[in-house]
> 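Okay, handing you the structure first.
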Amino acid sequence: MATTDVVPRESAGGMNKKRIVNDMSIQVATVNGSGSQSSNTVLLRSIFQMGVPVSGKNMFPSNIAGLPTWYTIRANKNGYIGRKKEIDFLVAMNPETATEDTMSLAAGASVLYDEPLALHKLRDDLIFYSVPYDKIVAQVCPEAKLRKLVKNMVYVGVVANLLTIDMAEIEKAIRKQFAKKVKAANLNLAAAQAGFEYAKANLEKRGAFYIERMDKTTGKIIIDGNSAAALGCMFAGCTVVTWYPITPSSSLVETMIDYMKEYRIGPDGKATFAIVQAEDELAAIGMVIGAGWAGARSMTATAGPGISLMSEFAGLGYYVEVPGVIWDIQRVGPSTGLPTRTSQGDILSTAFLSHGDTKHIMLIPCSAEECFSMATDAFNLAEQFQTLVFVMSDLDLGMNNWMSDPFKYPETPIKRGKVLGKEDLDRLGSFARYKDVDGDGIGYRTLPGTSHPNAAYFARGSGHNEKAQYSERADDFENNMERLNRKFETARSFVPRPELTKGINAKIGIIGYGTSHWGITESRDQLRDEYQIETDYLRLRAYPFTREVHEFIEQHEHVYVVEQNRDAQMLSLLKLDLKAELIPRLRSLAHITGLPLDARSITDELTSMEGR
Amino acid sequence: MATTDVVPRESAGGMNKKRIVNDMSIQVATVNGSGSQSSNTVLLRSIFQMGVPVSGKNMFPSNIAGLPTWYTIRANKNGYIGRKKEIDFLVAMNPETATEDTMSLAAGASVLYDEPLALHKLRDDLIFYSVPYDKIVAQVCPEAKLRKLVKNMVYVGVVANLLTIDMAEIEKAIRKQFAKKVKAANLNLAAAQAGFEYAKANLEKRGAFYIERMDKTTGKIIIDGNSAAALGCMFAGCTVVTWYPITPSSSLVETMIDYMKEYRIGPDGKATFAIVQAEDELAAIGMVIGAGWAGARSMTATAGPGISLMSEFAGLGYYVEVPGVIWDIQRVGPSTGLPTRTSQGDILSTAFLSHGDTKHIMLIPCSAEECFSMATDAFNLAEQFQTLVFVMSDLDLGMNNWMSDPFKYPETPIKRGKVLGKEDLDRLGSFARYKDVDGDGIGYRTLPGTSHPNAAYFARGSGHNEKAQYSERADDFENNMERLNRKFETARSFVPRPELTKGINAKIGIIGYGTSHWGITESRDQLRDEYQIETDYLRLRAYPFTREVHEFIEQHEHVYVVEQNRDAQMLSLLKLDLKAELIPRLRSLAHITGLPLDARSITDELTSMEGR
Amino acid sequence: MGTTSVEPGTTAPGPKTNRIGLTVIEYKGGKTTLCAGCGHNAISERIIEAMYEMGVEPEFVIKPSGIGCSSKTPAYFLSRSHSFNAVHGRMPSVATGAMLANKKLICIGVSGDGDTASIGIGQFIHLMRRNLPIIYIIEDNGVYGLTKGQFSATADLGSKLKTGVLNDLPPIDTCALAVQLGATLVGRSFSGDKKQLSAMLKAAIAHKGTVMLDVVSPCVTFNDHEGSTKSYKYVKEHEEMLQEVSFVPHFEDINVEYDAGTTVQVTMHDGSRLNLRKLEEDFDPTDKIGAITRLNQAHHDGEVLTGIFYVNPEAPSFIDMLNVVDQPLATLPDSVTRPGKEVLDACMEELR
Amino acid sequence: MGTTSVEPGTTAPGPKTNRIGLTVIEYKGGKTTLCAGCGHNAISERIIEAMYEMGVEPEFVIKPSGIGCSSKTPAYFLSRSHSFNAVHGRMPSVATGAMLANKKLICIGVSGDGDTASIGIGQFIHLMRRNLPIIYIIEDNGVYGLTKGQFSATADLGSKLKTGVLNDLPPIDTCALAVQLGATLVGRSFSGDKKQLSAMLKAAIAHKGTVMLDVVSPCVTFNDHEGSTKSYKYVKEHEEMLQEVSFVPHFEDINVEYDAGTTVQVTMHDGSRLNLRKLEEDFDPTDKIGAITRLNQAHHDGEVLTGIFYVNPEAPSFIDMLNVVDQPLATLPDSVTRPGKEVLDACMEELR
Ligand SMILES: Cc1ncc(C[n+]2csc(CCOP(=O)(O)OP(=O)(O)O)c2C)c(N)n1
Ligand SMILES: Cc1ncc(C[n+]2csc(CCOP(=O)(O)OP(=O)(O)O)c2C)c(N)n1
Ligand code: SF4
Ligand code: SF4
Ligand SMILES: [Mg+2]
Ligand SMILES: [Mg+2]
């Protein structure tokens with residue numbers, strides 16, 4: 001297919017008759033704007049409802065309609081829900097890519113195609129199923145103009161039959177999908193059933209893949225990372241949201257708008273929040289900073305190009321010490337790059353975003369659950385440390401469907417940081433905004449509108465002394481910069497700690513973060529099972545790095561840093577932070593293709609670097 | 001004084017009667033906008049004309065008139081022209097700072113003050129000279145409204161007398177200063193003479209400092225780095241300049257305008273250049289990129305805040321591969337910071353300016369001569385490598401007066417890089433913009449307006465293949481990014497090589513760059529003479545680092561990286577580039593106060609780190 | 001923090017106080033560091049007076065600004081109010097964010113012609129569209145003072161720099177743009193005109209939407225010479241007043257009768273009255289289109305037109321349109337900003 | 001590089017060619033990837049025709065654009081011309097730089113309403129002020145198509161999204177701004193109006209300064225529904241034409257006589273003639289102030305006003321004002337761009 005990097009290899013499910021249960025990847029190749037999205041969701045959900053761990057990844061083009069799109073559903077009994085390179089079952093609906101899609105399959109894979117495409121002529125080492133969609137659709141759907149849409153639901157039925165997915169679950173999924181729209185639901189159900197019946201009557205199942213009921217999804221939910229983040233921000237007490245649309249971050253705010261309108265309206269029918277579509281990212285971050293300065297819990301969401309535009313303001317936030325949360329749903333750069341592909345390419349530039357000596361706190365979620373929980377962490381840290389906090393998500397996490405445990409109601413209370421009110425000032429008489437009273441590098445601030453004659457201070461991006469007065473004195477400048485450094489050091493012990501998973505007395509360490517996590521966990525099992533290589537694994541969840549990170553590296557002979565960018569950006573940050581003696585232990589596994597990182601790539605490269 | 005960080009120490013020239021010749025620092029404390037600039041230049045020049053190496057540094061506030069300003073003139077027979085911490089001779093003209101200025105002097109220093117200030121009451125370990133300026137001025141200057149200006153020229157005469165500066169040289173300097181304005185020249189000369197006579201008649205010289213003729217400045221010039229850069233760009237064949245005013249870069253373009261108007265007008269009276277004041281820095285860099293794409297040698301000049309605003313476009317330039325030169329005259333950040341103070345604080349953020357995997361070439365001049373010569377290097381590299389080149393100067397270099405050898409006429413021809421013209425295309429038939437034909441990672445480009453049907457290509461910041469066609473393919477993206485990496489590697493052997501100065505079998509290495517150079521060279525002599533510590537010294541002149549840098553570090557037990565920022569930014573870049581085993585050798589001497597780095601600070605800290 | 005730290009003014013016998021018992025000193029700021037004679041200093045004085053006379057609580061005022069000599073001025077008035085000297089040309093977004101966070105604040109944003117019309121024109125335009133509650137003041141001298149006198153985008157065609165350089169680009173009329181884009185109280189004044197500027201500032205304080213005042217404010221150091229169109233001399237010679245502006249605050253119940261023929265009386269949102277004695281027969285400050293036409297005419301005729309160009313006291317402000325709760329969002333209790341567990345459960349259920 | 005690579009058109013017997021011997025195919029571009037029915041596609045067609053019929057040398061055309069569906073369109077016309085798909089909202093600066101480098105180029109800059117009126121309004125305004133030689137086209141659908149249909153800053157008050165959301169901010173009229181700020185040929189058309197748009201584009205090609213054309217171009221996917229004010233239906237129902245626009249290129253010596261009462265005839269810089277048959281008695285397209293007034297009136301009356309609003313064929317362009325040499329700066333020989341050694345010596349002498 002046009003966007004993978006597969007090298008043909010023998011697919012697990014060859015002609016050989018061994019049954020492969022609940023372990024397969026299905027790829028649906030269509031054209032975007034053709035409405036296949038709901039069919040794919042129905043497929044995904046029905047497998048999920050049968051208790052089989054599943055994930056769905058959409059590879060879509062950066063345009064609105066008419067270009068190739070691929071949707072991959074992975075079902076895996078072991079719970080591997082990262083991307084799998086090999087496609088076991090191809091649903092070829094797009095004439096434009098059908099040939100290349102078919103040619104790039106591993107031998108033994110199955111192909112379900114629209115009869116006229118006659119793909120079976122291409123290869124003889126694949127299993128082919130042909131379906132006359134138009135005939136079938138014509139029967140179930142009298143309205144010609146609806147047929148294009150309904151057609152997609154037919155393959156759902158066919159696939160259900162060939163992979164033994166329970167039609168009852170398909171029906172349930174369809175009803176959920178079309179919710180109130182009963183007529184549409186019935187029509188689509190009919191189409192699916194027609195497909196099912198057709199397959200039953202005309203197709204002889206030859207592939208080895210089966211979906212069977214199990215219990216690994218009970219109680220779980222399916223959600224994309226951006227929606228999870230939206231929920232998280234709502235429960236984090238966010239009050240001001242500003243944004244400028246950009247893929248893949250737009251859906252975060254758009255979903256948030258829906259949630260907030262439903263759950264954050266006061267009894268008087270008025271909103272307990274303000275969401276503003278700004279004219280661009282400079283304005284969006286400017287509003288976040290203005291709101292944070294005035295006491296709101298403010299945020300914006302963007303992607304690479306927006307982050308770059310925010311550089312100047314980012315330095316202001318750091319130096320004036322204003323809280324604010326910025327979600328970076330990373331896509332492929334440089335520049336406009338690949339707007340609909342995933343990456344971890346903004347790590348280094350965001351850590352040092354802006355000129356002069358500037359540093360920023362970054363949180364890095366790997367799952368929908370963390371998108372939810374880290375929202376509260378981010379707002380709390382932003383206000384406790386009076387600085388901008390960047391949450392580094394990515395397109396794979398943000399826009400794809402993930403299976404997840406239901407989110408836990410935040411037990412951490414909302415923390416507003418060191419803010420002096422009228423009463424405090426009555427007691428203190430006055431205060432010095434940038435004085436390190438507590439030795440943690442964090443000063444006390446006041447909010448505009450505090451009724452005390454000494455509440456006001458002068459926030460400025462130019463040099464200032466402890467009292468926030470303008471100063472060009474060398475000593476004032478140096479002291480303030482040193483304090484900012486102390487503050488950043490303090491943050492080390494407040495940011496989310498990394499997650500450590502140990503192997504059996506392993507000498508090799510792996511460091512990963514964000515969505516690389518899913519490929520890594522699966523790869524670690526491959527390493528153990530196929531190569532008897534034991535690994536310990538540390539998943540970073542924040543910058544600056546906590547003590548545990550240094551300890552982990554100290555405890556391992558060499559440590560592979562796995563990431564989805566070209567320039568080994570996180571490894572670079574580690575180099576800058578580590579004791580020099582430890583640096584030789586680091587090895588880079590950095591790659592970027594725009595596609596979510598898969599386990600096999602990690603396993604192959606790591607073993608070869610291990611000389612295996 | 002309000003902006004130094006001196007710790008009182010015994011000044012070399014105490015009451016003890018030993019003569020100190022051609023080795024002193026004179027500081028004139030005035031108020032900005034009071035026109036003291038010309039008096040100070042006259043002092044500087046007259047010493048220069050007497051053959052004594054000299055430098056002048058202006059410490060001015062970030063406003064236009066009425067705030068304290070300090071101008072320091074350093075005369076040194078050994079040619080040390082970096083900043084010296086200790087002030088030997090203070091000219092106290094500013095009542096507001098006179099007391100603090102006087103108190104912070106080292107014992108034994110001299111103070112020349114305006115009678116009413118009565119500074120002599122403050123300390124008894126200094127040499128005081130008091131002058132009734134108003135009386136003197138009243139006599140030489142009948143016009144009351146001119147007196148404020150003329151008053152400054154009186155101290156020039158007094159200083160001349162007290163430091164034995166030849167009045168003939170003072171006159172010469174005054175005449176040069178006021179050039180055509182003969183009346184003004186005469187008036188000022190009279191004032192200086194009056195000052196000289198007054199001192200002769202009323203002041204008994206007690207200080208040990210003397211200026212005596214020597215021959216160390218013959219043939220040399222005095223110029224600021226920005227003017228040198230302006231000249232350099234003119235001789236580099238620059239054709240398009242865009243800018244947005246910002247301290248300390250404005251004078252670069254403003255001087256360039258003057259030079260270009262004089263020397264780059266064609267016989268038909270038309271300009272062979274275009275200089276445009278843009279609406280902001282985003283527009284300035286956008287114009288540079290548009291012009292570079294269309295074939296001009298284009299440039300802009302800015303400072304930190306402007307660099308941050310250019311982030312998004314910087315990534316476009318890198319990824320689309322468009323030539324352009326950006327001068328960053330570094331000032332103190334973060335944010336607005338200290339606009340009139342110097343730093344080397346944009347190194348790290350500029351190296352990785354923009355999101356995604358982006359890297360940039362940086363050139364780093366340390367002298368006026370290099371501001372001139374590196375201009376040609378920068379334009380050549382930009383066009384040869386089809387990328388943006390950043391020239392990292394700073395306020396100390398750009399805005400202060402430096403003694404320099406006259407510039408050599410560029411022997412390097414103008415290099416336009418790989419550009420295909422009509423004839424080439426007639427021969428080739430067609431071309432692929434981003435194909436690595438020569439294995440150096442650099443493709444061939446065409447310019448708009450090339451009369452060949454296959455000349456056009458589609459420049460875009462989104463993913464593209466070798467033919468510059470839109471592509472979201474993983475392989476196209478990866479190949480292109482790898483080629484960009486190869487191109488950057490190629491650059492290593494084309495950027496200016498570092499400058500190596502060896503000690504006598506030294507084990508300690510020092511790495512420095514830019515204006516830190518002047519403090520370092522002086523410090524190396526202090527280390528040798530006062531502590532018998534031999535050092536080798538490598539001055540970086542560009543990023544990416546050349547082979548020599550790695551070799552230098554390999555050859556030394558430990559290497560001190562001296563720089564003027566908080567976060568050891570160049571040391572960080574070295575860490576990312578070095579073989580891991582070498583990193584433990586690096587030690588940071590990073591500091592930022594906004595004042596030019598002085599030798600003593602380096603010597604003190606290095607020796608203490610050496611346990612001396 | 002503020003440089004003065006006097007206690008709240010106590011009424012009688014002490015010095016004269018305003019309706020909330022504060023003396024004028026309590027509205028002052030730090031000592032100016034601008035050039036002597038800079039128009040900006042006069043504007044700061046007017047702001048101090050207006051705030052004092054209107055009896056505004058300084059603690060509820062915010063003073064965002066951009067970068068420039070003009071943008072430094074918030075340090076020279078209202079020390080008891082919070083200031084935010086932001087980045088160059090981006091004050092509008094910072095001000096917007098602050099007002100979103102706390103709708104109870106009174107926002108006076110100070111900018112320069114370079115800060116607004118050059119680098120800042122984008123944020124300026126979008127601010128005007130929103131009719132955010134803000135008093136936006138451009139201290140307009142036609143040059144970049146702080147960077148030593150280059151032309152800004154409000155410099156008039158043919159205006160001359162000290163160096164002799166002529167401006168060859170047309171000026172941006174920030175008032176015409178403001179009216180065109182949706183600001184609801186727009187006027188131009190002159191830093192040298194105490195009476196007019198004070199009246200306009202008071203009206204501004206009484207207005208609930210976006211106020212945009214372009215105040216010509218000569219730069220004595222770089223743009224006050226012969227040939228400049230922003231010099232004291234030039235403005236005095238070319239000023240054309242649309243009206244005589246006077247203002248009666250709601251808390252003063254003076255009731256002068258005005259002849260509708262000669263005076264336009266505008267009742268502001270808070271009940272105050274803005275009185276505009278016509279100097280031009282048929283100019284109507286409530287007619288948007290007419291205002292723009294008149295402004296363009298003024299350029300054509302080379303007049304420095306001053307006065308109130310457009311006023312609409314009742315247009316809904318951006319904050320009104322957002323329909324937010326009455327308390328400031330900034331200080332809402334957690335109980336309000338974090339929905340209960342049952343809400344989360346409901347959301348989870350939907351996703352099963 | 002361009003996707004077509006046909007050889008220069010050879011005249012007769014082959015297909016029909018234009019005055020420089022090229023066939024229309026040689027002005028085409030790659031296959032569109034936009035939605036079927038998108039207004040933008042029609043505009044690309046008109047550009048191809050106009051360039052072909054005017055006999056423009058494609059190799060001397062540049063096609064800078066920003067980011068958006070509209071900004072992708074340069075890939076769909078003139079494959080033989082250089083394109084630069086830059087960053088979002090910043091096409092004006094890239095175009096300006098290119099024209100500085102090579103004054104001989106013909107620049108057609110394509111943008112969208114979001115790319116221009118939202119993120120790009122700052123660069124747009126400063127471009128208009130400079131009267132740079134450029135044909136600036138806004139493909140205006142009132143939404144951000146490429147990011148799935150959020151309102152842009154040209155969306156009309158009260159316009160409705162598919163989701164039912166209403167726009168509550170006033171639209172930015174890019175034509176009114178362009179005229180106000182100094183563009184010298186300004187008009188509005190409709191992607192569905194072949195005749196009018198073609199004539200305007202040809203006039204644009206014949207003009208030497210800044211041409212700003214706002215072309216309403218419906219987004220069939222996100223903004224062509226009932227309640228949208230940028231739908232095909234709405235435009236057809238509310239369009240108000242100022243004139244019937246026709247164009248006679250300088251190389252065609254047709255000489256029709258027009259009645260000055262009913263038709264305004266404008267002779268363009270290159271001798272071509274722009275004929276505007278009045279549909280509105282007293283509208284004068286050479287009266288800047290009148291044009292702005294009329295545009296504002298149209299908003300007030302809810303009309304979609306189309307036609308040529310303002311034209312001034314002789315105003316000096318930015319390039320004229322810069323007084324640069326005749327050859328492109330880009331290709332000046334070193335001998336011209338690097339002064340001789342004697343010049344350096346002189347400079348050094350001055351500094352001694
Ligand atoms: C991003 C950025 N670019 C440039 C500057 C330099 N700068 C400081 S003030 C200023 C212009 C100020 O002009 P104006 O707003 O008219 O204020 P004035 O000084 O005239 O009152 C400029 C260009 C800056 N501080 N930040
Ligand atoms: C800096 C930046 N911010 C946001 C985006 C995302 N983005 C791409 S196109 C677009 C809007 C395009 O709207 P418009 O210019 O009207 O073009 P249309 O698609 O409607 O033709 C946006 C916001 C981006 N590419 N770059
Ligand atoms: S430079 Fe001009 S604007 Fe700045 S303070 Fe001085 S007079 Fe005012
Ligand atoms: S989304 Fe709208 S603007 Fe974009 S291509 Fe489709 S119809 Fe055109
Ligand atoms: Mg100004
Ligand atoms: Mg649009």
Side-chain angles (χ1 to χ4, degrees), chain B residues 221-223 231 234-235 237 239-240 242 263-264 266 268 270-274 276 278-280 282-283 286-298 312-313 316 406-407 409 413-414 430-433 447-462 467-470, chain D residues 1-3 5-8 26 30 57-62 64 67 74-75 78-87 90 92-102 104-105 122-123 125-126 322-326 328-332 334 336-339 341 343-345 347-348 351-352:
Chain B
I221 61 171
I222 290 183
I223 190 172
L231 273 171
M234 175 167 78
F235 284 96
T239 46
V240 171
T242 67
Y263 299 112
R264 283 284 297 274
D268 53 0
K270 292 183 174 173
T272 62
F273 63 89
V276 173
E279 60 269 32
D280 65 10
L282 284 90
M287 292 177 192
V288 165
I289 286 175
W293 168 70
R297 276 168 92 97
S298 60
E312 190 195 15
F313 260 125
L316 183 76
F407 305 149
Y409 190 76
I414 286 173
S430 71
F431 83 114
R433 169 69 180 97
L447 305 183
T450 305
S451 305
H452 187 287
N454 293 349
Y457 69 93
F458 202 108
R460 47 162 63 86
S462 46
K467 292 183 165 163
Q469 292 159 329
Y470 183 78
Chain D
M1 55 173 295
T3 46
S5 61
V6 280
E7 283 310 300
E26 290 161 303
E57 274 185 73
E59 288 74 16
F60 284 87
V61 176
I62 55 171
I67 300 286
L78 296 184
S79 296
R80 280 168 61 163
S81 307
H82 275 72
S83 284
F84 198 147
N85 196 175
V87 287
R90 320 291 176 193
S93 58
V94 173
T96 303
M99 294 308 288
L100 293 174
N102 186 343
K104 293 221 167 19
L105 298 174
Q123 292 208 346
I125 284 195
H126 288 282
L322 286 169
N323 184 40
V324 289
V325 290
D326 304 341
L329 294 178
T331 49
L332 288 176
D334 305 1
V336 175
T337 59
R338 173 177 280 178
K341 183 163 186 323
V343 172
L344 182 60
D345 295 341
C347 298
M348 290 301 102
L351 296 160
R352 285 215 168 76

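Chain letters run A, B, ... following the sequence lines, proteins first, then strands; residues in each count from 1. Everything numeric here is computed off the predicted structure, so don't read it as measured data.
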> By a 4.5 Å heavy-atom criterion (distance strictly below it), what part of B/Leu316 contacts chain D: side chain, backbone, both, or neither?
side chain
> Using a cut-off of under 4.5 Å for heavy-atom pairs, which of D/Glu57, D/Met99, D/His126 has the most such pairs with chain B?
D/His126
> Just so I know, are the side chains of B/Phe235 and D/Thr337 near enough to count as touching, which here means a heavy-atom distance under 4.5 Å?
no
> Counting heavy-atom pairs under 4.5 Å to chain B, which of D/Thr331, D/Asp326, D/Val325 comes out on top?
D/Val325
> Of the listed residues (B/Thr239, B/Ile289, B/Asp268), which shares the most heavy-atom pairs with chain D below a 4.5 Å separation?
B/Thr239
> Once rounded to the nearest 0.5 Å, what's the spacing between atom CG of D/Leu100 and atom OG of B/Ser298?
9.5 Å
> Can you tell which of D/Cys347, D/Pro339, D/Ala330 has the highest number of heavy-atom pairs within less than 4.5 Å of chain B?
D/Pro339
> Pick from D/Met348, D/His82, D/Arg338: which one has the most heavy-atom pairs with chain B under 4.5 Å?
D/His82
> Looking at NZ of B/Lys270 and CG of D/Leu322, how far apart are the two atoms once the value is rounded to the nearest 0.5 Å?
12.0 Å
> Can you tell if the side chain of B/Phe458 reaches within under 4.5 Å of the side chain of D/Pro74, non-hydrogen atoms only?
yes
> With only heavy atoms counted, which part of D/Leu329 is less than 4.5 Å from chain B, the side chain, the backbone, both or neither?
both
> Out of B/Leu231, B/Val288, B/Thr272, return the one with the most heavy atom pairs under 4.5 angstrom to chain D.
B/Thr272
> In terms of heavy-atom proximity below 4.5 Å to chain D, should B/Phe313 be classed as side chain, backbone, both, or neither?
side chain
> For B/Gly286 and D/Ser93, which heavy atoms make the closest approach, and how far apart are they?
CA-OG, 3.4 Å
> Partners of B/Glu312 by side-chain hydrogen bond (donor to acceptor under 3.5 Å, both in side chains), sequence neighbours excluded?
none
> Please state whether the side chain, the backbone, both or neither of D/Pro328 comes within less than 4.5 Å of a heavy atom of chain B.
neither
> Can you tell which part of B/Leu282 gets under 4.5 Å to a heavy atom of chain D, answering side chain, backbone, both or neither?
both
> May I ask you to name which of B/Trp293, B/Tyr263, B/Phe273 has the most heavy-atom pairs under 4.5 Å with chain D?
B/Trp293
> Using a 4.5 angstrom heavy-atom cutoff, name the option from B/Pro448, B/Pro413, B/Ser451 with the most pairs to chain D.
B/Pro448
> For each of B/Asp280, B/Ile414, B/Leu447, B/Thr450, tally heavy-atom pairs with chain D at distances under 4.5 Å, and name the one with the top tally.
B/Ile414
> Considering only heavy atoms from C-beta outward, does the side chain of D/Gln123 approach that of B/Glu279 to under 4.5 Å?
yes
> Tell me every residue that passes side-chain hydrogen bond (donor to acceptor under 3.5 Å, both in side chains) with D/Lys341, counting only those two or more places apart in sequence or in another chain.
D/Asp345
> Taking the side chain as every heavy atom from C-beta outward, state whether B/Val276 and D/Thr96 have any atom pair closer than 4.5 Å.
no
> Are any non-hydrogen side-chain atoms of D/Ser83 and B/Arg460 less than 4.5 angstrom apart?
no
